[in-house]
Undergrad: 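Here it is, the structure, as structure tokens.
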Number of protein chains: 2
Amino acid sequence: MGDRRPLPPDLFDEICPSGLLPFRFGDKWAALVMACLEDGPRRFSELRVPLSRVTPKVLTQSLRGLERSGFVAREAGEYALTPLGRSLLEPLRAACAWAEEHWDELLDAQERVIPSPRAAGHPPRPPAR
Amino acid sequence: MGDRRPLPPDLFDEICPSGLLPFRFGDKWAALVMACLEDGPRRFSELRVPLSRVTPKVLTQSLRGLERSGFVAREAGEYALTPLGRSLLEPLRAACAWAEEHWDELLDAQERVIPSPRAAGHPPRPPAR
DNA sequence: CAGAATCCTGGGGGATACTG
DNA sequence: CAGTATCCCCCAGGATTCTG
């Protein structure tokens, strides 16, 4: 590892903590929506199929957010990835690959519930896909 | 692009939307904390230097969250990345690299504020580092 | 079909103050 | 120094209902 110099106070001085940083990008469903648009434009109703657990309002919100960020464009009722959005798929894939690769470690960590405040949380959802 | 087959309804069937997926991982400051631990273990007060805008309570929260996820371990007042946490730095880096590479496009999108509900948001923070 | 309007709730996360 | 304890506010995001 490095040299253990003290951390400079201005390391993140004016940085918006995770504003434009694509970790923690978009809202809860954004990543999934992006994935759905991978193969080409989709209409609202098409998106609702795999995202059946998302209410239309929330899906709309998510899409509007992605539009505002410039990742998705809507044209004639069709949602499509912009070039920028498509380029974002790359780091997204990397992240997914990482998750699959470390899936069991992630679940392990979930198990050995460290004394969390609100304990007795959700039972870990079974993996899928 | 692909074949435009309809999206299968079970595409994300049992998936926790972005639960274990490292996009949208942790809380607001998690990524920054991880970055601070890159060069080796740090004590609470060391972390507070670059994260001066984060209150101790919130920083603690963030650290506890990272512990519970198995990304950070605390030992004798020192916080350090676990192997799992360290491995997460890779996709994180990829994401950061992407952000830097598309910085101007990201800002552009921010500018041309598409008719958002609560308009007149924050002025875009200037980039740093 | 493609949303918009309305209502409601949890908890993320900031400010401030206090403690072992 | 390394956190807790309180208080509080906002808003993501879900349920439900209504509309062009």
Side-chain angles (χ1 to χ4, degrees), chain A residues 6-7 9 12 15-19 23-33 36-37 41-69 72-80 114-122 125, chain B residues 6-7 12 15-19 21 23-33 36-37 41-69 72-80 114-122 125:
Chain A
L7 296 164
F12 306 118
I15 213 175
C16 186
S18 8
F23 264 66
R24 205 164 176 70
F25 97 107
D27 59 16
K28 189 176 181 183
W29 305 99
L32 263 30
V33 172
C36 289
L37 296 177
R42 301 282 184 180
R43 359 193 84 257
F44 195 78
S45 49
E46 290 186 88
L47 295 174
R48 292 210 62 193
V49 175
L51 299 169
S52 56
R53 301 188 311 178
V54 187
T55 62
K57 178 201 134 188
V58 173
L59 180 55
T60 303
Q61 271 178 184
S62 200
L63 284 164
R64 295 290 171 276
L66 289 170
E67 285 186 74
R68 255 177 281 113
S69 302
V72 165
R74 177 180 30 161
E75 198 162 357
E78 295 257 313
Y79 295 92
I114 296 177
S116 95
R118 190 85 58 256
H122 325 266
R125 306 287 184 82
Chain B
L7 297 165
F12 305 119
I15 212 175
C16 186
S18 6
L21 188 139
F23 265 65
R24 204 163 177 72
F25 98 105
D27 60 16
K28 189 175 179 183
W29 304 99
L32 263 30
V33 172
C36 290
L37 296 177
R42 301 283 184 179
R43 358 193 86 255
F44 194 79
S45 50
E46 290 186 89
L47 294 173
R48 292 210 61 194
V49 175
L51 300 169
S52 57
R53 300 189 310 180
V54 186
T55 62
K57 177 199 131 187
V58 173
L59 180 55
T60 303
Q61 274 178 182
S62 201
L63 284 164
R64 295 290 173 273
L66 289 171
E67 285 186 74
R68 256 178 280 114
S69 303
V72 166
R74 178 180 29 161
E75 199 164 354
E78 296 256 313
Y79 295 93
I114 296 177
S116 93
R118 192 85 56 253
H122 325 266
R125 306 288 184 79

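Order of the sequence lines fixes the chain letters, A, B, ..., with proteins taken first and strands second; residue numbering starts at 1 for each chain. What you see below is based on every heavy atom in this structure, not just the backbone, and it leaves out hydrogens, waters and symmetry mates.
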Undergrad: Could you walk me through whether A/Q61 and A/K57 pass the side-chain contact (heavy atoms from CB on, under 4.5 Å) check?
TA: CA-CA 6 Å; A/Q61 271 178 184; A/K57 178 201 134 188; 3.1 Å; yes
Undergrad: In residues 72-79 of chain A, which ones come under 4.0 Å of DNA chain C, going by heavy atoms?
TA: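 Correct list: A/R74, A/Y79.
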Undergrad: Can you give me the closest heavy-atom contact between B/A76 and B/R43, atom names plus distance?
TA: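 For B/A76 versus B/R43, the nearest heavy atoms are O-NH2, 3.6 Å.
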Undergrad: Rounded to whole Å, how long is the line connecting atom CG of B/L47 with atom P of D/dC1?
TA: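 Taking atom P of D/dC1 as the reference, CG of B/L47 is at 13 Å.
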Undergrad: Using atom names, set out every protein N or O paired with an N or O of nucleotides 18-20 of chain C below 3.5 Å, distance rounded to 0.1 Å.
TA:
none

Undergrad: Locate the shortest heavy-atom distance separating A/F25 from B/R24; write the atom from each residue and the value.
TA: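 So the minimum-distance heavy-atom pair works out to O-NH1, 4.1 Å.
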Undergrad: Taking 4.0 Å as the cut-off, does a side-chain nitrogen or oxygen of A/R43 come that near to OP1 or OP2 on C/dA2?
TA: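 For C/dA2, OP1/OP2 do have a side-chain N/O of A/R43 under 4.0 Å.
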Undergrad: Taking CZ from A/R48 and C1' from C/dG3, how many angstroms apart are they, rounded to a whole number?
TA: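 Spelled out: CZ on A/R48 to C1' on C/dG3 is 10 Å.
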Undergrad: Mark yes or no for whether B/S62, through its side chain, and B/V58, through its backbone, hold a donor-acceptor pair below 3.5 Å.
TA: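 No, the answer is negative, given that no donor and acceptor are paired below the 3.5 Å cut-off.
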Undergrad: Rounded to whole Å, please give me the gap between CG in A/L63 and C1' in D/dG13.
TA: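 From A/L63 CG to D/dG13 C1': 15 Å.
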Undergrad: Does the side chain of B/V54 come within less than 4.5 Å of B/V33's, by heavy atoms?
TA: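 Of all side-chain heavy-atom pairs linking B/V54 with B/V33, none is under 4.5 Å.
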Undergrad: Apply side chain to side chain contact (heavy atoms under 4.5 Å, CB included) to B/T60 and list each qualifying residue two or more places apart in sequence or on a separate chain.
TA: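 With sequence neighbours excluded, B/T60 shows a side chain to side chain contact (heavy atoms under 4.5 Å, CB included) to B/F44, B/R64, given in chain and number order.
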Undergrad: Please give me the minimum heavy-atom distance between B/V49 and A/L7, naming the atom from each residue.
TA: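 Smallest heavy-atom distance, with atoms named: CG1-O, 3.4 Å.
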Undergrad: Has B/R64 got a side-chain N or O lying under 4.0 Å from the OP1 or OP2 atom of D/dG3?
TA: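 True: B/R64 side-chain N/O within range (under 4.0 Å) of D/dG3 OP1/OP2.
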Undergrad: Can you measure B/D27 atom CG to C/dG14 atom C1' for me and round it to whole angstrom units?
TA: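 To the nearest whole Å, that distance equals 13 Å.
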Undergrad: Once side chain to side chain donor-acceptor pair (under 3.5 Å) is applied, do any residues pair with B/E46, and if so which ones, sequence neighbours excluded?
TA: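 B/E46 satisfies side chain to side chain donor-acceptor pair (under 3.5 Å) with A/R4, B/R42 once adjacent residues are dropped.
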Undergrad: Output one letter per nucleotide in nucleotides 14-20 of chain D: B when a protein non-hydrogen atom lies under 4.0 Å from the base, S when only the sugar-phosphate is that close, - when neither is.
TA: BB-----
Undergrad: To the nearest 0.5 Å, how far apart are CG in B/L63 and OH in B/Y79?
TA: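 It is 5.0 Å, given to the nearest 0.5 Å.
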Undergrad: Just the rounded figure in Å: distance from P of D/dG3 to CG of B/L51.
TA: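 B/L51 atom CG is separated from D/dG3 atom P by 14 Å.
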Undergrad: Roughly how far apart are A/S45 OG and A/L59 CG, rounded to 0.5 Å?
TA: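 It is 10.5 Å, given to the nearest 0.5 Å.
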Undergrad: Given D/dT4, C/dA2, C/dA4, which nucleotide is nearest the side-chain atoms of B/T60?
TA: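 Between D/dT4, C/dA2, C/dA4, the one nearest the side chain of B/T60 would be D/dT4.
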Undergrad: Measuring only between side-chain heavy atoms, which start at C-beta, is B/C36 closer than 4.5 Å to A/F12?
TA: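 Side-chain contact under 4.5 Å: yes.
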Undergrad: Test side-chain contact (heavy atoms from CB on, under 4.5 Å) on B/L37 and B/L66; report intermediate values, then the result.
TA: CA-CA 12 Å; B/L37 296 177; B/L66 289 171; 5.8 Å; no
Undergrad: Hey, is the side chain of B/S45 poking within less than 4.0 Å of OP1 or OP2 on D/dA2, counting only N and O atoms?
TA: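 For D/dA2, OP1 or OP2 has a side-chain N or O of B/S45 closer than 4.0 Å.
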Undergrad: Using five base pairs at each end, measure the axis-to-axis angle across the helix from C/dC1-D/dG20 to C/dG20-D/dC1 and round it to 10 degrees.
TA: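 Rounded value for the end-axis angle: 50°.
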